[in-house]
There are 2 protein chains.
Amino acid sequence: MPPSPRTRPPLHRVTVLDAAVELADAEGIEAVSMRRLAERLGVVPMALYKHVSDKEDLLDGMIDRVIAQFQPGDPSADPSADPSAWPDAVRRVLLSTREVVQRHPWARRVIETRTHRTPAVLAYMEAVTQLFLGGGLSPDLTHHVMHVLGNRIWGFSPELFNDPGGRPASDRPRTSGQPVPSDFPGILAIAADASARRPGATGCDEEFEFRFALDLLLDGIARLHASEWASPPL
Amino acid sequence: MPPSPRTRPPLHRVTVLDAAVELADAEGIEAVSMRRLAERLGVVPMALYKHVSDKEDLLDGMIDRVIAQFQPGDPSADPSADPSAWPDAVRRVLLSTREVVQRHPWARRVIETRTHRTPAVLAYMEAVTQLFLGGGLSPDLTHHVMHVLGNRIWGFSPELFNDPGGRPASDRPRTSGQPVPSDFPGILAIAADASARRPGATGCDEEFEFRFALDLLLDGIARLHASEWASPPL
DNA sequence: CTGACGGGTGTACATCGTACGCTTTCGCGC
DNA sequence: GCGCGAAAGCGTACGATGTACACCCGTCAG
């Protein structure tokens, strides 16, 4: 039902979110306040609350809009054709993701402060997970590999699976839809495998994940060192 | 009475910072406002500005206090004794760092929002760098390895070396001291090597760093997969 | 005694997120 | 056409936050 014409077409969630993304791109994330955003949309601040439940929801939605630009699967390449092709597939996806994130520099910081796993985030994780599973990696290995892709020097991993990211995690109803588990068979397979291995455990063994990632990196580094690796010439 | 007794000993920078860390540990980082912190110190909010230049400086200082708990070098182990011992040394340092960060869960998020490279941060990076250099790794390889320890699934790396993290990076004078380059010979060696390889370039080649990290991980993962790796039994 | 200075005070302002209630507009069954 | 209920937008108001600015007071060097 097309909105009948008035002075200004009515706002919608995506209109608001895209305007926020645009604002952040142009003036940085700290310029994205409800008032500034409303002003840019020619509307009073409180009008926005008809489309996002609060600012957290706005930020969640902005990230969803960015993630929507990812290209998690290249449908032209059948993943099961060549079982050894998964590294290239993963490389392609991550490099394309990187390109998108670089176009929205603020997204990096915002992603790290998100405490909700929105459907878009889960869908992206599912897509990457499927690349590994489709390549024949076990759910077990895939599980830890997904963790590895987030570990870093500071001594923590960004808790992709468990949720206690921010303290209160206000239970105000999100405006975005709730994810349904069956949409994410890959993630589910991982979770099932993990809980079979550690019955009764809730969440992942972060300590193990950290050591796993660390050893993987140190092994790889030692191998490069032993083979006298050097930067390619210009 | 040399420090003549008054109702309360005067504040110092570290007093303020440690109180802030305590507050964050107890009630979460969002509880750390200038007012709440001042209240906890029995002082009026504006009094804090005699010890920190603004809130960014407060957060920088809090991180410095956390980093001060890291144990970057174990002096009992001579790093040059066994040239193949560097992986263990790195492992020890990172696991101890991880322990500290886990005691201050807010630190993870705050570190990621810092835009300044404070002396404490640089000192920590220097210490890790020295472990690799001391193990015989080339400055070239060490350089990229330091970047690797920060790359992740989302398509960005956390720009450890170059500084354009936040936009304006207010040039108000920080209350903390300015770092002097000669204190960081390891980082310096890396920078020198890098600029010799890419004359005229400013900053690191983030694109290269990302691909380097990605390939390192994918190689390691493929190797584990080929050897039919599985989680150790409980 | 005096004057500078470092630490602490008090007031004031702009900005932020958002609760609450009102008005306008739109689409639809009558 | 009419009325009505829901959706969309408006206006006011409140409490919190970071911090600029002017001031006050106790200490100490001269």
Side-chain angles (χ1 to χ4, degrees), chain A residues 1-17 19-20 23-24 27-62 110 113 115 166 168-175, chain B residues 1-17 19-20 23-24 27-62 106 110 113 115 166-175:
Chain A
M1 34 222 87
S4 57
R6 41 173 127 184
T7 63
R8 182 184 33 67
L11 262 32
H12 289 303
R13 178 161 230 261
V14 286
T15 326
V16 172
L17 297 181
L23 216 195
E27 309 190 35
I29 189 64
E30 73 284 349
V32 179
S33 73
M34 299 306 267
R35 288 175 219 266
R36 303 260 280 113
L37 178 56
E39 188 183 3
R40 176 174 263 242
L41 286 164
V43 120
V44 94
M46 287 311 292
L48 302 179
Y49 286 85
K50 287 275 154 55
H51 306 280
V52 298
S53 55
D54 57 14
K55 190 167 185 188
E56 283 296 289
D57 190 35
L58 174 72
L59 293 174
D60 284 350
M62 290 172 68
V110 174
T113 68
T115 129
S170 109
D171 49 1
R172 177 206 302 261
R174 305 284 104 187
T175 305
Chain B
M1 346 164 169
S4 59
R6 35 175 131 185
T7 63
R8 182 185 33 68
L11 261 35
H12 289 302
R13 177 163 232 261
V14 286
T15 325
V16 172
L17 297 181
L23 216 195
E27 310 190 33
I29 190 62
E30 74 284 350
V32 178
S33 75
M34 299 306 265
R35 288 178 221 265
R36 303 259 283 112
L37 179 56
E39 189 182 3
R40 177 173 262 245
L41 286 164
V43 121
V44 93
M46 287 311 292
L48 302 179
Y49 286 85
K50 288 276 155 53
H51 304 282
V52 297
S53 55
D54 57 13
K55 189 166 185 188
E56 283 296 289
D57 190 36
L58 175 72
L59 293 174
D60 284 349
M62 290 171 69
W106 49 270
V110 174
T113 69
T115 127
R167 273 309 165 77
S170 113
D171 48 2
R172 179 206 301 261
R174 305 282 105 188
T175 306

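In what follows, chains are A, B, ... by sequence order, proteins preceding strands, each numbered from 1. Values reported hereafter were calculated over all heavy atoms of this structure, with side chains retained and with hydrogens, waters and symmetry mates removed.
Among the nucleotides C:dT18, D:dG18, D:dA20, the one closest to any side-chain atom of B:M46 is D:dA20. Considering only the side chain of A:K50, D:dC10 comes nearest among D:dG18, D:dC10, C:dT18. Of the candidates C:dT18, D:dC10, D:dG18, D:dC10 carries the atom nearest the A:V44 side chain, counting heavy atoms from C-beta on. The side chain of A:A47 lies closest to D:dG9, out of D:dT17, D:dT19, D:dG9. Here D:dT17 is the nucleotide among C:dG8, D:dA13, D:dT17 with the atom lying nearest to any side-chain atom of B:S33.
Rounded to an integer number of Å, the gap from CD of B:E39 to P of C:dT9 is 13 Å. The separation between A:E30 atom CD and C:dA14 atom P is 21 Å, rounded to whole Å.
In terms of phosphate contacts, B:H51 brings a side-chain nitrogen or oxygen within less than 4.0 Å of OP1 or OP2 of C:dG8.
Here the straight-line distance linking atom CG of A:L48 with atom CG of A:D54 works out to 12.0 Å at 0.5 Å rounding. Separating the CG atom in B:L58 from the CD atom in B:E56 is a distance of 9.5 Å, to the nearest 0.5 Å.
Counting atom types as modelled, B:K55 pairs no side-chain N or O with a base atom of D:dG18 as donor and acceptor under 3.5 Å.
B:M62 has its side chain out of reach of B:L23: every pair of non-hydrogen atoms, C-beta onward, lies at least 4.5 Å apart. Contact annotation: the side chain of B:I29 approaches that of B:L59 to within less than 4.5 Å [non-hydrogen atoms, C-beta and beyond].
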